[in-house]
Chemist: 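The following block contains the structure, expressed as C-alpha cells.
Here the structure is a predicted model, which is why all the values come from computation and not from measurement.
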Amino acid sequence: MTALAERARVAADRIEAAERRGLHAVLAFDRNVLLEQATKLDAAPTDGALTGLVIGVKDNIATLEYPTTCGSRILEGYRSPYEATAIKRLKRAGALIACKTNLDEFAMGSSTEHSAFGRTQHPEQPDLVPGGSSGGSAALVASGGADAALGSETGGSVRQPASFCGIVGIKPTYGRVSRYGLVAFGSSLDQIGMFGRDVRTAGRVLCAISGRDPNDATSADRPPLEFPEIPNDLLGFTIGVPKEYFPDDLDAGVRAACDRAIAHLRKAGAKIKQVSLPHTGLAIPTYYILAPAEASSNLARYDGVRYGPRYAPGEGDVQAMYRATRGVGFGPEVRRRIIVGTYVLSAGYYDAYYRKALRARWLIARDFDSVFAGGVDLLFTPSTPTTAFRAGDKLEDPVAMYLADVFSCPANLAWVTALSVPVGRSDGLPVGGQFIAPQFGEARMLQAASVLEALVDRAAEAR
Amino acid sequence: MTWETVIGLEVHVQLKTRSKMFCACSTNFGDPPNTNVCPVCLGLPGALPVPNDGAVRLAVRAAMALGCEVHGLSVFARKNYFYPDLPKGYQISQFEQPLSTGGRLDIGTLEAPRLIGITRLHLEEDAGKSLHDRFPGLTAVDFNRCGTPLIEIVSEPDLRMPEEARRYLTTLKRILEYLEVSDCNMEEGSLRVDANLSVRRPGAPLGTKQEVKNMNSFAAVERALQQLRDRQAATLEAGGKIELTTFTARTGELKPMRVKEESHDYRYFPEPDLPPLDLASYGIRLADERQHLPELPQQRQLRFEKTYQLPTYDAGVLTATRALADYFEGWVRAGAEPKSAANWVMGSALADYNEHGRFRVSPDRGFALIQLVDEGTVSLQAAKQAFTILGDHPGDQPRAVVERLGLVQVGDAEQLATWVGEVLAAHPAEVQRYQGGEEKLVAFFTGQVMKASRGKADPKRVQEILRERLGG
Amino acid sequence: MTLSRKDVERIAELAALHVDEQQLPQLTQQIARIIDYVSQLDAADVGSDAATWLATSPPQPLRPDEVRPADLTRDLKSFAPAFREGVFVVPRLTAMEDE
C-alpha cells in the first residue's frame with residue numbers, strides 16, 4: 001500500500017471510529033470515495049501543494065462527490081451538478097476530499113445545534129458544543145479524522161469553533177477566496193474559511209484556494225496568496241490590543257490565556273500598543289440586521305420548484321407549495337432569521353434598520369482602517385468570550401447565542417482577515433487567541449500566528 | 001365635458017447580446033426548453049451573477065441616444081418576490097441608483113417637436129417563461145429566457161393620447177433598432193409594454209391610474225389604451241370611482257388581472273453579490289461611447305434631405321429602419337444618382353423586401369440596372385420586371401438577365417422609323433388633330449408604337465422620331 | 001415598539017413561510033426579542049453618509065459577451081423534483097397570467 005493510500009485508510013478509520021463514538025461531525029462519508037481518490041492520485045501524481053492532504057468540507061459548499069444539504073431538510077439529498085471553485089482548486093492541488101461535515105442549518109448558528117440532522121459533539125467533551133456554524137469541520141480536524149477542513153465564515157463561524165476545539169481557524173479577507181459554490185447566507189459577509197491543527201496547514205489550504213475567480217464578481221482581482229516565510233521573531237511588528245475586546249467582565253480563564261499570549265508576543269519582539277475600536281458595541285446589532293436581511297433574500301430560492309424535496313399540500317396552487325415546503329423544510333433558527341430579515345427590509349422599516357445598519361457597518365470598518373493606518377500591523381484579541389459551552393445552554397433565548405459572536409463578527413463586518421490560534425486552556429478547555437489584520441494582510445497575520453503558535457507549544461511542553 | 005388623458009409607458013427591451021446578463025448562457029430565442037441554462041440562471045445553491053460587458057455598453061448606448069444622463073456609478077438591487085419563473089426568488093434590477101435618468105424622446109416632427117420625458121433607463125435581468133396551459137392543473141416553466149439582459153425604460157406621464165403612445169413606441173423601436181441595441185420585436189417578446197392611464201378634468205389633479213399589460217403589438221397598445229380611457233371616462237361620468245386595477249389585454253378585450261401579491265413590497269436592497277457599476281473602472285468611458293454612437297434616425301433623415309436633396313417624405317421612408325437606410329446608401333455608394341436610387345429602393349426593392357424578408361438585390365446590381373435604363377438598353381418598365389428576376393437569381397448580372405428575357409429595347413433607327421410610319425399611316429385622323437395643336441396625342445402614338453413593337457421600342461427614341469415626323 | 005402576532009403573520013406571508021397556529025405565540029415572542037435587541041442601533045448616532053461599497057481592490061473586469069458551455073455535469077432531471085417533457089412543473093398558479 002502506498003503512503004497515500006495508507007493516509008486515506010487511516011483517515012477513513014478515524015472518521016468511522018469518531019462517528020461510532022457519537023461525534024457526528026460528518027453528514028456524508030463513504031470510505032470508498034476517499035480511497036478511490038487516493039488510488040487515482042497515485043496513478044496520476046501531481047506536484048500539487050496539498051498532495052495527499054485529507055480535507056473535510058462543510059456541507060454548505062457544493063461538491064460533486066456527496067450531496068450538499070446545508071444541514072437542512074429543504075436540501076435533503078440534493079446533489080449539486082457543479083462543484084465550488086474552492087473544491088476544484090483543492091483537487092488541482094492534490095488534496096483528497098474526505099467527507100461533508102455538519103453545520104448549523106444554512107450556517108446560521110454558533111453551536112451546530114441547529115443542524116436538522118443532529119448536533120455535533122465537542123471533540124473532547126461530548127456534552128459540550130464544538131461551536132458553530134462550522135462545528136462539524138472543527139470537530140473533524142480536532143479529532144484527527146482529517147488534516148484540514150473547509151468551513152465558512154459569516155460572523156465568526158470558523159474562528160469560534162476553532163477556538164472552542166483548540167485548532168487553527170482562518171477567515172480570509174472578503175474577496176480573497178471565491179464564493180462560487182458556497183451556498184449564500186450573508187453574501188456581503190460570507191467567505192470560505194479553513195481549519196488545520198497548525199497554522200501552516202490551514203495557511204497552505206488558504207493559499208491553494210485563494211485568487212481571482214471570474215465566476216465570482218466579488219472576488220478581488222488578485223493572484224493566489226503565497227505562504228510567507230515565517231520569521232524567527234516578531235521584531236518590527238506592532239500589535240494593537242483593543243480595549244473593547246478586554247472588558248472587565250471577560251472570563252478570567254480566557255483573559256489569563258490571552259495575557260500569556262500577549263506576553264509571548266512581547267518576548268518575541270513585537271511592540272504592543274493599546275488601541276480602541278470605539279464602535280465595537282454596534283457590531284452585533286448591526287450584524288443581526290444585515291446578515292438576516294441578506295439571508296432572507298438568499299434563501300428565497302428554496303421553494304421546491306427546481307431542486308430539493310417538495311411538499312405539496314394536496315390541493316392548492318404553487319404559492320401553497322412554497323409555504324408548505326419552506327414551512328417544513330426550514331428549522332426554527334433559519335425561520336427566525338428569515339422573518340427578522342424580511343422585517344428589516346420591509347416597507348416602513350428599511351430606513352430605520354437596514355439602511356442604518358449599512359452606515360453602522362461603515363463606521364465599524366473605519367475603526368479598523370484608522371487603527372491600521374496608525375502604525376498598527378495586527379490586532380490581538382480573545383477569539384471568543386468564553387470556552388465551549390454546554391449543549392442546550394443557549395437555546396432558550398435566541399439572543400444569548402448571538403452574543404457568542406461579539407469578538408468575531410466585527411472582522412466580517414469590516415471585510416478584514418482574522419484567524420484564531422490556540423493559546424492555552426482554561427479549566428481544561430481550549431482557548432483561542434485572535435489575530436486581525438487589514439484587508440489582504442494575511443501574510444503578516446500568518447507570520448505572527450506561526451511565531452505565537454511555536455511559543456505556545458513550547459510553553460505547553462515545558463509544563 | 002372633456003377629459004384629459006394622462007398616459008405613461010414602461011417598456012422592457014431585451015438587449016441584443018449573445019449571452020445572458022449574468023451568465024454565459026446563450027440568449028437565442030426558440031431553442032428547446034431549458035437547454036440554455038446553467039447554475040446561475042437556474043438559481044442553484046451557491047451560484048453567483050457576473051455582469052455582461054456587452055449588455056452594459058448597449059444600455060449606455062441606449063441611454064445616451066435617449067438623451068439621458070448616464071451615471072458613472074450605479075447600483076444593482078434585488079427586487080424580491082415569489083414566482084415560479086423567478087428562480088432566485090428575486091430579480092436583479094436597479095432601484096435607488098439606476099444607470100441613467102432624465103432623458104426625452106421626440107415623437108413629433110422637425111417642425112412640430114413633441115418631447116416625451118423619460119424618467120429612467122436601467123439594467124435588469126429577465127425571468128423565465130411560465131406556461132399555464134401546457135399540462136392540466138400544472139404550470140410549466142422554461143428558464144431559457146431567464147437572465148436575458150433587459151433595459152427598462154420608464155416614461156414620464158407626458159403622453160396625452162393613445163395614438164401618441166403608439167408613436168412613442170414606433171419612435172423608440174426605430175432608435176433602438178438603429179443602435180442595434182435590440183430587435184424590439186413584440187411578437188418574439190424582445191419588447192414588452194406596461195401602460196398606465198388615468199383621466200382628469202383639465203387642470204384637475206391626476207386621477208387614479210390603471211395599468212394594462214400583455215399587448216402583443218403597438219396597435220394593440222393603442223387600442224387597449226383607447227378602451228381603458230373610454231372605460232374610465234364612462235365610470236367617472238356615471239359617478240363611479242376608479243379602482244386601482246391592472247388589466248390584461250391579451251385577448252384584445254380588457255380583463256382585470258388578479259394581482260400577483262396583495263402587497264407589492266419588493267424589499268429592494270443593494271445587490272451584495274455585485275460591486276457597484278462604476279463604469280470608468282470597467283473601462284467604459286462615456287465620452288468614447290458618445291463619440292461612437294451610431295447615427296440616430298432623425299439625424300440620418302436630415303442628412304438624406306440635405307445631402308441627397310430628397311424630399312422629407314422620401315427621407316422619412318428611407319430611414320424607417322437602419323437596414324433600409326444602409327441599403328439605400330449602398331446604392332448611392334455604388335454610383336446611383338440619389339433620387340433614382342430612392343425611387344428604386346422605395347419601390348421595387350421595398351416591395352421585394354416585404355415579400356421575402358430581406359434585400360435580395362445588392363446595391364451593385366441595382367446600380368447596374370439603373371445604368372441599363374439610363375443608356376436606353378431597357379425601358380423602366382422592363383427593368384422593373386428584371387428586378388424581380390435578379391432577386392430570384394442572386395448570381396446573375398442585370399445585362400445578362402435582360403438579354404435572356406428579351407427585354408432589350410429596340411433602338412435601331414430604321415426599325416423604329418418603320419413602326420412609326422406604320423402607326424401614323426394607320427391613324428390619319430389623329431395625325432391631323434396633332435397637327436391641329438393637340439400635342440398630347442404624342443402619347444397615343446407612342447403607345448401605338450409600343451403595341452406594334454410588343455413593348456420593345458425605346459419610347460424615348462420613338463417620341464423623338466414622332467416629333468420629327470409630325471413636325472412641331 | 002412591540003411586534004404583534006399580526007406582524008409576524010404578515011411577514012411570514014411575505015416570506016412564503018407557513019407557520020403553524022400553535023407556534024405563532026412563541027415565534028412572535030422570539031422575533032420581538034430579537035427586534036428589540038437590534039433596535040438598540042436606533043439610539044446610536046451613525047451619521048448620514050451614504051455607506052458605499054468596499055473598494056480596496058480593483059474590481060475584476062466585466063464578463064465578455066460570449067456564450068460558454070454551462071457548468072453542469074449532470075442533467076436537470078437528476079435534481080429536479082418534477083420535470084416533464086423538458087420543463088419544470090409545479091401546481092398551477094391560481095392567479096393565472098400567461099404571457
Chemist: Report which part of B:R134 has an atom under 4.5 Å of a heavy atom belonging to chain C: side chain, backbone, both, or neither.
Modeler: side chain
Chemist: Side chain, backbone, both or neither: which part of B:F22 has a heavy atom under 4.5 Å from chain C?
Modeler: backbone
Chemist: More than 12 heavy atoms of other residues, nucleotides or ligands under 6.0 Å from CZ of C:R5: yes or no?
Modeler: yes
Chemist: Chain C heavy atoms under 4.5 Å from B:P39: which part of the residue, side chain, backbone, both or neither?
Modeler: both
Chemist: Taking the side chain as C-beta and beyond, is there a heavy-atom pair between B:D53 and C:P61 under 4.5 Å?
Modeler: no
Chemist: Once you round to the nearest 0.5 Å, how far does CG of C:D65 lie from CE of B:M21?
Modeler: 10.0 Å
Chemist: Between B:S19 and C:R68, do the side chains contain an N or O donor and an N or O acceptor separated by less than 3.5 Å?
Modeler: no
Chemist: Which heavy atom of C:R63 sits nearest to which heavy atom of B:K20, and what is that distance?
Modeler: NH2-O, 2.7 Å
Chemist: Quick check on B:E253: does its CD atom have over 12 non-hydrogen neighbours (other residues, nucleotides or ligands) under 6.0 Å away?
Modeler: no
Chemist: Assess whether atom CG of B:D288 is packed by more than 12 heavy atoms of other residues, nucleotides or ligands within 6.0 Å.
Modeler: yes
Chemist: Under the criterion side-chain contact (heavy atoms from CB on, under 4.5 Å), I'd like the reasoning laid out for C:R84 against B:L138: C-alpha separation, chi angles, the key distance, then a yes or no.
Modeler: CA-CA 11 Å; C:R84 224 206 265 190; B:L138 296 173; 3.4 Å; yes
Chemist: Which value, rounded to the nearest 0.5 Å, describes the distance between B:L42 atom CG and C:F88 atom CZ?
Modeler: 5.5 Å
Chemist: Would you say CD of C:Q22 has more than 12 non-hydrogen atoms from neighbouring residues, nucleotides or ligands within 6.0 angstrom?
Modeler: yes
Chemist: I want to check something: taking the side chain as every heavy atom from C-beta on, are C:V67 and B:N28 in contact at a cut-off of under 4.5 Å?
Modeler: no
Chemist: Between CD of C:E66 and OG1 of B:T17, what distance do you get to the nearest 0.5 Å?
Modeler: 12.0 Å
Chemist: Among B:P51, B:C38, B:G54, which residue has the highest count of heavy-atom pairs closer than 4.5 Å to chain C?
Modeler: B:P51
Chemist: Between B:P33 and C:V87, which heavy-atom pair has the shortest distance, and what is it?
Modeler: CB-CG1, 3.8 Å
Chemist: Hey, could you give me the CG/CZ distance between B:D133 and C:R92, rounded to the nearest 0.5 Å?
Modeler: 5.0 Å
Chemist: Please flag which part of C:R10 lies under 4.5 Å from any non-hydrogen atom of chain B: side chain, backbone, both or neither.
Modeler: neither
Chemist: Side chain from CB out, backbone as N, CA, C, O: work out which of these in C:A82 comes under 4.5 Å of a heavy atom of chain B, or both, or neither.
Modeler: neither
Chemist: Looking at every non-hydrogen atom in both residues, tell me the closest pair between B:F82 and C:L14 and how far apart they are.
Modeler: CE1-O, 3.4 Å
Chemist: Do you know which two heavy atoms are closest between B:V37 and C:A70, and how far apart they sit?
Modeler: O-CB, 3.1 Å
Chemist: To the nearest 0.5 Å, how far apart are SG in B:C23 and CG in C:D71?
Modeler: 11.5 Å
Chemist: Is B:V56 close to C:L62 at the side-chain level, that is, under 4.5 Å between some pair of heavy atoms?
Modeler: yes
Chemist: Taking every non-hydrogen pair under 4.5 Å, which of C:L72, C:V90, C:V89, C:D75 racks up the most with chain B?
Modeler: C:V90
